[in-house]
Q: 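The structure that follows is given in the form of structure tokens.
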Amino acid sequence: MKTNKRGQAWGIDLIIAFIIFLMGILIFFVYSVNYSEESKENLYSLSHDGDIIFNSILSEGYPMDWNSTNVIRIGILTNGRINETKLERFYNFSVNNYAKTKNKFNTPYDYYFNMSSKIMISTSVIEGIGKPGINLNNLNSSNLIKITKFTIYKEKPVTAYLYVWS
């Protein structure tokens with residue numbers, strides 16, 4: 001009687017394939033669990049820094065009459081309302097030295113600030129303040145948060161938005 005060796009080799013191939021398949025699934029689940037934890041930490045960090053940046057922007061700043069050479073804390077409010085002079089200083093500071101504004105906010109993340117009302121800087125209208133070259137149309141990141149707060153601009157209530165991303 002002759003034995004069929006082809007059937008035996010097929011069984012060994014099936015066992016090896018099954019082991020490789022199980023290892024692949026195990027690696028996938030381990031990676032998935034760790035990846036979600038990293039995402040939560042990144043989201044928390046973005047949210048935390050975003051709150052700090054927004055609280056700074058919607059403050060009076062320090063010193064009260066700050067400019068780009070003496071600023072310690074960037075802020076655009078005076079008496080709870082947006083001060084157009086400080087708003088213009090913030091805009092010019094971010095255009096001229098965006099990296100230094102990030103340093104003043106003590107964050108590694110990029111930011112973009114805008115409002116529901118048009119922002120007037122001197123005689124021109126701008127969409128927002130933040131990373132040069134960024135606007136709402138090209139703001140795209142897989143790690144992006146949006147924070148919303150209300151304030152007063154030109155004697156009217158407006159919604160202020162801050163986008164923070166990595």
Side-chain angles (χ1 to χ4, degrees), residues 27-166:
I27 290 170
F28 172 75
F29 281 117
V30 167
Y31 177 75
S32 295
V33 168
N34 289 335
Y35 184 74
S36 66
E37 289 299 316
E38 289 173 12
S39 295
K40 287 178 187 175
E41 289 174 14
N42 193 22
L43 179 63
Y44 174 78
S45 181
L46 280 169
S47 179
H48 180 262
D49 277 21
D51 284 336
I52 290 171
I53 294 168
F54 220 175
N55 287 337
S56 177
I57 292 171
L58 294 182
S59 74
E60 293 195 358
Y62 187 80
M64 294 273 257
D65 194 25
W66 64 269
N67 59 46
S68 61
T69 58
N70 70 356
V71 65
I72 294 172
R73 180 177 176 167
I74 298 170
I76 62 171
L77 298 183
T78 300
N79 297 325
R81 298 167 191 263
I82 293 179
N83 179 315
E84 293 180 52
T85 304
K86 289 181 179 181
L87 184 64
E88 186 169 348
R89 287 178 186 165
F90 177 38
Y91 172 74
N92 291 331
F93 193 23
S94 71
V95 167
N96 296 327
N97 200 341
Y98 175 73
K100 192 170 181 182
T101 64
K102 283 176 53 172
N103 188 305
K104 292 297 178 185
F105 292 134
N106 196 26
T107 185
Y109 302 121
D110 291 314
Y111 69 88
Y112 184 75
F113 170 81
N114 77 334
M115 295 186 287
S116 58
S117 175
K118 294 183 180 188
I119 302 173
M120 292 293 297
I121 300 296
S122 296
T123 58
S124 58
V125 176
I126 62 164
E127 185 181 315
I129 301 170
K131 186 171 184 178
I134 294 294
N135 59 44
L136 291 178
N137 296 326
N138 65 6
L139 183 61
N140 188 11
S141 175
S142 59
N143 296 318
L144 170 71
I145 64 161
K146 175 183 175 182
I147 304 171
T148 305
K149 293 190 179 188
F150 298 99
T151 189
I152 305 293
Y153 180 57
K154 295 190 176 188
E155 303 303 321
K156 294 180 184 173
V158 295
T159 307
Y161 305 99
L162 181 71
Y163 300 86
V164 181
W165 68 95
S166 60

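Values in this document were obtained by computation on a predicted structure and should not be read as measured data. FYI, the numbering just counts along the sequence from 1.
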Q: Side-chain contact, heavy-atom cut-off 4.5 Å: K102 with K131?
A: no
Q: Going through the checks in order, is the side-chain contact (heavy atoms from CB on, under 4.5 Å) test met by V71 and F90?
A: CA-CA 10 Å; V71 65; F90 177 38; over 6 Å; no
Q: What is the minimum heavy-atom distance between S166 and S141, and which atoms define it?
A: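 Shortest heavy-atom separation between S166 and S141 comes out as O-OG, 3.2 Å.
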Q: Compare all side-chain heavy atoms of Y112 with those of N135 and state whether any distance is below 4.5 angstrom.
A: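 Yes, side chains in contact.
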Q: Find the distance between CE (M64) and OH (Y62) and round it off to the nearest 0.5 Å.
A: 10.0 Å
Q: Specify the closest pair of heavy atoms between S45 and Y109, including all atoms of both residues, with the distance to one decimal.
A: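 For S45 versus Y109, the nearest heavy atoms are OG-OH, 2.7 Å.
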Q: With rounding to the nearest 0.5 angstrom, report the NZ to CG distance, K149 to N55.
A: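 CG of N55 is found 3.5 Å from NZ of K149.
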Q: To the nearest 0.5 Å, what is the distance between CG on L87 and CG on L77?
A: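 Rounded to the nearest 0.5 Å, the CG-CG separation comes out at 10.0 Å.
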Q: Do S117 and K154 come within less than 4.5 Å of each other through their side chains, counting heavy atoms only?
A: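 No, their side chains stay 4.5 Å or more apart.
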Q: Counting only heavy atoms not in N67, do more than 12 fall under 6.0 Å of its CG?
A: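 Counting neighbours around CG of N67, more than 12 heavy atoms of other residues, nucleotides or ligands fall under 6.0 Å, so yes.
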Q: Do L162 and I53 touch side chain to side chain, with heavy atoms closer than 4.5 Å?
A: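 Yes. Closest side-chain heavy atoms under 4.5 Å.
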Q: How far apart are the closest heavy atoms of S68 and K100, and which atoms are they?
A: O-NZ, 4.0 Å
Q: Donor-acceptor pair, K146 side chain versus Y163 backbone, under 3.5 Å?
A: no
Q: In terms of side-chain geometry, is the basic nitrogen of K86 or E60 positioned less than 4.0 Å from the acidic oxygen of its partner?
A: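 Judged by the 4.0 Å cut-off on N to carboxylate O distance, K86 and E60 do not form a salt bridge.
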Q: Given the rule in the side-chain contact (heavy atoms from CB on, under 4.5 Å) test, do N114 and L136 qualify, once you have shown the distances and angles that lead to the verdict?
A: CA-CA 9 Å; N114 77 334; L136 291 178; 3.2 Å; yes
Q: With a 4.5 Å limit on heavy-atom distance, are the side chains of F105 and I52 in contact?
A: no
Q: To the nearest 0.5 Å, what is the distance between CG on L46 and CG on D51?
A: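 With rounding to 0.5 Å, CG (L46) is 11.0 Å from CG (D51).
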Q: Using a strict 4.0 Å threshold on nitrogen-to-oxygen distance, state whether D65 and R89 make a salt bridge.
A: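 Yes.
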Q: Hey, could you give me the CZ/CD1 distance between F54 and I147, rounded to the nearest 0.5 Å?
A: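 Answer for the CZ-CD1 pair, F54 versus I147, is 7.0 Å.
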Q: Tell me whether the count of non-hydrogen atoms from other residues, nucleotides or ligands lying under 6.0 Å of NZ in K118 goes above 12.
A: no
Q: Checking side chain to side chain contact (heavy atoms under 4.5 Å, CB included) against W165, which of N143, L144, I145 comes through?
A: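 Passing option: L144.
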Q: Of all heavy-atom pairs between S94 and Y111, which one has the smallest distance, and what is that distance?
A: CB-OH, 3.9 Å
Q: State the CD1-CD1 distance between I76 and I82, to the nearest 0.5 angstrom.
A: 4.0 Å
Q: Are Y91 and F113 close enough that their ring centers fall under 6.0 Å?
A: no
Q: Tell me the closest heavy-atom pair linking Y153 and M120, and the distance in Å.
A: OH-N, 3.1 Å
Q: Between N70 and P63, which heavy-atom pair has the shortest distance, and what is it?
A: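 Looking at all heavy atoms of both residues, the shortest contact is O-CD, 3.4 Å.
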Q: Check for a donor-acceptor pair, side chain of S47 on one end and backbone N or O of Y44 on the other, with a separation under 3.5 Å.
A: no
